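The structure under discussion appears below in the form of structure tokens.
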Number of protein chains: 2
Amino acid sequence: MSSERSACQQGLQPAHCTGCHHLDTCDATGRGAEALLGLRQIVQRVALVGDGEYLYRPMTPFRAIYAVRSGMAKSVALDASGREQVLDFHLPGEWFGLDAIGLDHHENAVISLGRTQFCRFPIDALMALGSREPAVQWHLMQVMARQIRHRQLRSGDHPSDVRMAAFLIDLSDRRAALFLDARHLPLPMQRTDIANHLQLAPETVSRLLTRFRGQGLIGIDRQGVTLLDGVTLRRLGCQVLEAA
Amino acid sequence: MSSERSACQQGLQPAHCTGCHHLDTCDATGRGAEALLGLRQIVQRVALVGDGEYLYRPMTPFRAIYAVRSGMAKSVALDASGREQVLDFHLPGEWFGLDAIGLDHHENAVISLGRTQFCRFPIDALMALGSREPAVQWHLMQVMARQIRHRQLRSGDHPSDVRMAAFLIDLSDRRAALFLDARHLPLPMQRTDIANHLQLAPETVSRLLTRFRGQGLIGIDRQGVTLLDGVTLRRLGCQVLEAA
DNA sequence: CGACTCTTTGATCCTGATCAACACCGGTGG
DNA sequence: CCACCGGTGTTGATCAGGATCAAAGAGTCG
């Protein structure tokens, strides 16, 4: 809501993956697979995006897909009636923006949560690379297929506590896959974002977290939550999640 | 529920797209685009699948992706607790099964609604074709991207009547795109399938259809519904749908 | 015709939304 | 340093949309 300039076209630099903390676990650059090393040649770095600022928004021309380099971001759709829908939260190394493939503009927005750095993969460079090296295209397709499956899993309707538990466990698992601390989950987004994403009222999110704390499942502090009883939490949430 | 043999590996024949009713509108064979004609060389035809029979199910090895040739089918996920979730209904020419790309087995089931014919695209032939002809891979990616967007649209939470209206309008629009009758919608699936898909109780589906009929929006007969006031229905449902 | 399944209709209940008030924290300016 | 303020999060009270329970009606197939 604060400043609303679009960072999309500004401050692009050729990036050096060397030295990136997430090099080994970065989906966007293929986790170091031989045939995908070309991805590291075409990546650009986007200037730091401040809290609440847009990386892109609906109708922004579709020129590139992105990954988080450091920080966290959310994808938001604006439906016909103007109401926001938080689609996803993005962690470092996770690709997003692939949903605009085949269009000439993005259909939803990506907004930084806290100060975030992004990596940018220009779509024309990606196409050129993919034509030379089919493995790149298959990699993209695998990422997209995983996104479809991830979304399929959440398409069931489950009680609010199950959804909340699944959300926390999912975040924890994704952090584990990035070799980040899977016990302590920073939640830089607002409660209303979590609520919106889980299709709950903010009040309900608050109540559920309080209840989970009362049950000794989690600890809560200003920056996020700490998982205290991951086993029970997972048993609750696994009514919706399977192994990704 | 009836017979449960898997038709996946049986009765495969080289197909001839020539003569297929949906040749011009078939997403799976690229709507006749030059660079995608190779798709018509690798397609196979699957033996007729009877009502309620499985085309594939979870844990079926992932060997091919499919399209409906004639009839209708549903995709169903079985979540951890064994409860079914109807993910999608498939119309002729619509590709499905792409969500298993990158895995060695399918994660959900496809079940025939009525007697249905399927086209089969073996994944190894598809990969070979895609390596020779990058346009094929881009086409696949565009189809997947469209599926992601389609799913994003439905991820908001809307009142039951909006969801129902959106469902009917979506079906109608997809039929129009296939040059099928967009006013009369055959609904070969059970009410429980529609309910499950829309995350409603079967009773609610029944009540909503009855209410819509009372408002003069639709007519109901045994094989499906007829749209009588598409404008009002669309205004209701467009709170969730945008142009695909 | 009769058994069965699917759908429709009616009555009641419950989860989570909404409305409302308060607590907390960070920042700003006196 | 502290009072004030706005935004965010928590807690409580009430309400309603849709689920559930229950039963009857309508097709379908043997």
Side-chain angles (χ1 to χ4, degrees), chain A residues 1-3 50-52 74 83-86 111 113-115 156-168 185-215 218-225 236 239-240, chain B residues 1-3 50-52 74 81 83-86 111 113-115 156-167 185-215 218-225 236 239-240:
Chain A
M1 298 296 173
S2 45
S3 167
D51 185 43
K74 62 174 176 179
R83 304 190 322 128
E84 293 192 347
Q85 172 63 39
V86 175
I111 302 173
L113 302 167
R115 322 181 95 226
D157 66 330
H158 300 272
S160 57
D161 51 356
V162 174
R163 287 219 289 284
M164 175 59 80
F167 169 69
L168 295 175
L185 314 177
L187 298 176
M189 71 292 279
Q190 308 190 152
R191 292 285 186 271
T192 51
D193 287 329
I194 300 177
N196 182 311
H197 181 234
L198 298 176
Q199 315 204 145
L200 299 171
E203 293 91 331
T204 306
V205 169
S206 184
R207 278 186 251 268
L208 285 170
L209 290 176
T210 307
R211 197 179 92 196
F212 285 174
R213 183 180 48 189
Q215 296 170 326
I218 61 172
I220 306 178
D221 57 74
R222 185 126 280 271
Q223 23 270 351
V225 305
L236 227 190
Q239 290 172 40
V240 60
Chain B
M1 299 298 172
S2 45
S3 164
D51 186 43
K74 61 175 175 179
S81 42
R83 306 189 320 127
E84 293 191 348
Q85 171 62 41
V86 176
I111 302 172
L113 301 167
R115 321 181 96 226
D157 65 331
H158 301 270
S160 56
D161 52 355
V162 174
R163 288 220 288 282
M164 175 61 80
F167 169 69
L185 314 178
L187 297 176
M189 72 294 280
Q190 306 190 154
R191 292 285 186 270
T192 52
D193 287 329
I194 300 177
N196 182 312
H197 181 234
L198 298 177
Q199 315 207 141
L200 299 171
E203 292 92 333
T204 306
V205 169
S206 183
R207 277 185 252 266
L208 284 170
L209 290 177
T210 307
R211 196 180 91 196
F212 285 174
R213 181 181 48 190
Q215 295 170 327
I218 60 171
I220 305 178
D221 56 74
R222 186 121 284 268
Q223 22 272 350
V225 306
L236 228 192
Q239 291 170 39
V240 61

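Letters A, B, ... mirror the listed sequences (proteins, then strands); counts begin at 1. Values below: all heavy atoms of this structure, side chains included; hydrogens, waters and symmetry mates excluded. What you see is a predicted model, and the numbers here were worked out from it, not measured in a lab.
Under the side-chain contact (heavy atoms from CB on, under 4.5 Å) test applied with B/Asn196, the options B/Met189, B/Gln190, B/Arg191, B/Glu84 reduce to a single match, B/Glu84. When each of A/Met164, A/His197, A/Arg163 is checked for a side-chain contact (heavy atoms from CB on, under 4.5 Å) with A/Val205, only A/Met164 meets the rule.
Here A/Thr210 reaches the OP1 or OP2 of D/dT11: one of its side-chain N or O atoms lies under 4.0 Å away. In this model, the phosphate group of D/dG18 is not approached by any side-chain N or O of B/Thr204 to a distance below 4.0 Å at OP1 or OP2.
Defining each end axis of the helix from C/dC1-D/dG30 to C/dG30-D/dC1 as the rotation carrying four pairs' C1' atoms onto the next four, with five pairs an end, the two axes are found to diverge by 30° to 10 degrees.
The nearest pair of heavy atoms linking B/Asp193 to B/Lys74 is OD1-NZ, 2.9 Å. When all heavy atoms are compared, the tightest approach of A/Leu236 to A/Val162 is O-CG1, 3.6 Å. Contact record, B/Ser160 with B/Leu200: CB-CD2, 3.6 Å, taken as the closest heavy-atom pair. Counting all heavy atoms, side chain and backbone alike, A/Ile194 lies closest to A/Phe167 at CG2-CE2, 3.9 Å.
Interatomic distance, CG of A/Leu208 versus CG of A/Leu168, reported as 9.5 Å (0.5 Å rounding). Residue A/Gln223 holds its CD atom at 12.5 Å from CG of A/Leu185, rounded to the nearest 0.5 Å.
Between the side chain of A/Arg207 and the base of C/dT18 there is at least one donor-acceptor pair of N/O atoms closer than 3.5 Å.
One interatomic measurement links the two molecules: CG of A/Leu187 to P of D/dT10, which rounds to 11 Å at whole-angstrom precision. Rounded to whole Å, the distance from CZ on B/Arg211 to P on D/dG17 is 10 Å. As rounded to whole Å, 10 Å separates atom P of D/dA19 from atom CG of B/Leu198. Straight-line distance from the CG atom of A/Asn196 to the C1' atom of D/dG9: 17 Å, rounded to whole Å. Rounded to whole angstrom, the span from the CD atom of B/Gln199 across to the P atom of C/dT15 amounts to 18 Å. B/Arg191 has its CZ atom 14 Å from the C1' atom of C/dT9, to the nearest Å. Between the P atom of C/dT7 and the CG atom of B/Asp221 lies a distance of 14 Å, rounded to the nearest Å. Counting to the nearest Å, the P atom of C/dT7 and the CG atom of B/Leu208 are 15 Å from each other.
No side-chain heavy atom of A/Thr204 sits under 4.5 Å from any side-chain heavy atom of A/Leu198.
For the pair B/Glu203 and B/Asp157, nearest-nucleotide mapping onto DNA chain C gives the more 5' position to B/Glu203.
At the heavy-atom level, B/Leu200 lies under 4.0 Å from the strands shown only through sugar-phosphate atoms. Residue-level contact check: B/Ser206 touches the bases, meaning some heavy atom is under 4.0 Å from a base atom.
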Extract from the structure each pairing of a protein N or O with an N or O of nucleotides 23-30 of chain D at less than 3.5 Å, listing the distance.
none

